[in-house]
*Asks:* 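The structure under discussion is supplied below as structure tokens; questions concerning it will follow.
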Amino acid sequence: MATWKEIVAANPDHSENYAQRWRNFVQQGKDIDGEARLIDALSARHSRILDAGCGTGRLGGYLAKRGHIVFGVDIDPVLIGYAKQDFPEATWVVGDLSADPIEVRDIDIAVSAGNVMGFLAVDGRRPALENIFRTLRPGGRFVVGFGRGRGWEFDDFLTMCHEVGFQPQHQFASWDLEPFTEQSGFLVAVLQKPKVDEQAVRSLTNLL
């Protein structure tokens, strides 16, 4: 599957068209906040939340308006411009999840919706997961959703998450928590950073 950079390079109007599509959904009365409601339900009040691949800020903006401390990162400066305009309550920055360090820490919950994982270059997948992992506090969670057929098989994704250090908590077939099966065309995974730094524990054990 093409990366976001490749899509925008092929069609310079893509970002504006993408932003307008979401505005059209709102005007049509469509529900665009399902992912955000789930993250809000999973979060303590005033949580520190990372919106990884935030786009126009529709998810993070919803959460910021409910009192959470939201940091959004996206590779597309056009989309970040809309996020800053529409949701000034949150902090929005242009950044490549695979290449640029995310300058926040002690995140309670990170979220990646909108098939962001499918737009990552193959060689950028592990760096992006490692980047998100570093932002989380011990015990913090990463909730990610994307569809089948976008170049990253679910099993391969979950294996790489495990290699990075994430511990699986739950798997669903939708953001409204439909049960996940082998036939599911969509995955919502809830992953956790270990509550204890396992590498530090091993190092301490070796010293004793």
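Computed from a predicted structure; not experimentally measured. Just so it is clear, the values below take in all heavy atoms, side chains as well, and ignore hydrogens, waters and symmetry mates.
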*Asks:* Please tell me whether Leu38 and Phe180 are part of a single hydrophobic cluster in this structure, the criterion being side-chain heavy atoms less than 4.5 Å apart.
*Replies:* no
*Asks:* Using links of under 4.5 Å between side-chain heavy atoms of ILVMFWY residues, direct or through other members, which residues join Val122 in one cluster?
*Replies:* none
*Asks:* Between CD of Gln171 and CG of Leu177, what distance do you get to the nearest 0.5 Å?
*Replies:* 13.0 Å
*Asks:* Which pairs, with at least one residue in residues 138-156 and sequence neighbours excluded, count as a side chain to side chain donor-acceptor pair (under 3.5 Å)?
*Replies:* Asn115-Arg150
*Asks:* Step by step, work out the side-chain contact (heavy atoms from CB on, under 4.5 Å) result for Val144 and Val188.
*Replies:* CA-CA 6 Å; Val144 55; Val188 175; over 6 Å; no
*Asks:* Not counting sequence neighbours, which residues clear salt bridge (charged side-chain N to carboxylate O under 4.0 Å, His left out) with Glu6? List them please.
*Replies:* none
*Asks:* Partners of Phe146 by ring-ring contact (aromatic ring centres under 6.0 Å, His included), sequence neighbours excluded?
*Replies:* Phe154, Phe157
*Asks:* According to salt bridge (charged side-chain N to carboxylate O under 4.0 Å, His left out), who are the partners of Arg37, at least two apart in sequence or on a separate chain?
*Replies:* Asp31
*Asks:* What pairs with Lys65 under salt bridge (charged side-chain N to carboxylate O under 4.0 Å, His left out), at least two apart in sequence or on another chain?
*Replies:* Glu89
*Asks:* Should Val143 and Ile107 be counted in the same cluster of Ile, Leu, Val, Met, Phe, Trp and Tyr side chains packed under 4.5 Å apart?
*Replies:* no
*Asks:* Taking the six-membered ring of Phe142 as reference, does the cationic atom of Lys193 (NZ for Lys, CZ for Arg) lie under 6.0 Å from its centre and within 45° of its axis?
*Replies:* no
*Asks:* Name all residues meeting the ring-ring contact (aromatic ring centres under 6.0 Å, His included) criterion together with His170; count only those two or more places apart in sequence or in a different chain, and write none if there are none.
*Replies:* Phe172
*Asks:* Among residues at least two apart in sequence or on other chains, which ones pass side chain to side chain donor-acceptor pair (under 3.5 Å) with Thr135?
*Replies:* none
*Asks:* With side-chain contact (heavy atoms from CB on, under 4.5 Å) as the criterion, how do Gln169 and Leu191 come out once you've worked through the C-alpha distance, each side chain's angles and the decisive distance to 0.1 Å?
*Replies:* CA-CA 5 Å; Gln169 284 194 314; Leu191 309 159; over 6 Å; no
*Asks:* Taking the side chain from His68 and the backbone from Ser47, do they hold a donor-acceptor pair closer than 3.5 Å?
*Replies:* yes
*Asks:* Answer yes if the side chains of Gln20 and Tyr82 hold a donor-acceptor pair under 3.5 Å, and no otherwise.
*Replies:* no
*Asks:* I need the full list of side chain to side chain donor-acceptor pair (under 3.5 Å) pairs touching residues 90-111, with sequence neighbours left out, sorted by first then second residue.
*Replies:* Asp108-Arg137
*Asks:* To which residues is Ile75 joined in a hydrophobic cluster, defined by side-chain heavy-atom contacts under 4.5 Å among Ile, Leu, Val, Met, Phe, Trp and Tyr, whether direct or through other members?
*Replies:* Met1, Trp4, Ile7, Val8, Tyr18, Trp22, Phe25, Val26, Ile32, Leu79, Phe119
*Asks:* Sequence neighbours excluded, which residues qualify as side chain to side chain donor-acceptor pair (under 3.5 Å) partners of Ser174?
*Replies:* Asp176
*Asks:* Which atoms form the tightest heavy-atom contact between Leu97 and Gly53, and what is the distance?
*Replies:* CD1-N, 3.9 Å
*Asks:* Under the rule for side chain to side chain donor-acceptor pair (under 3.5 Å), what residues qualify as partners of Arg45, not counting sequence neighbours?
*Replies:* Asp40
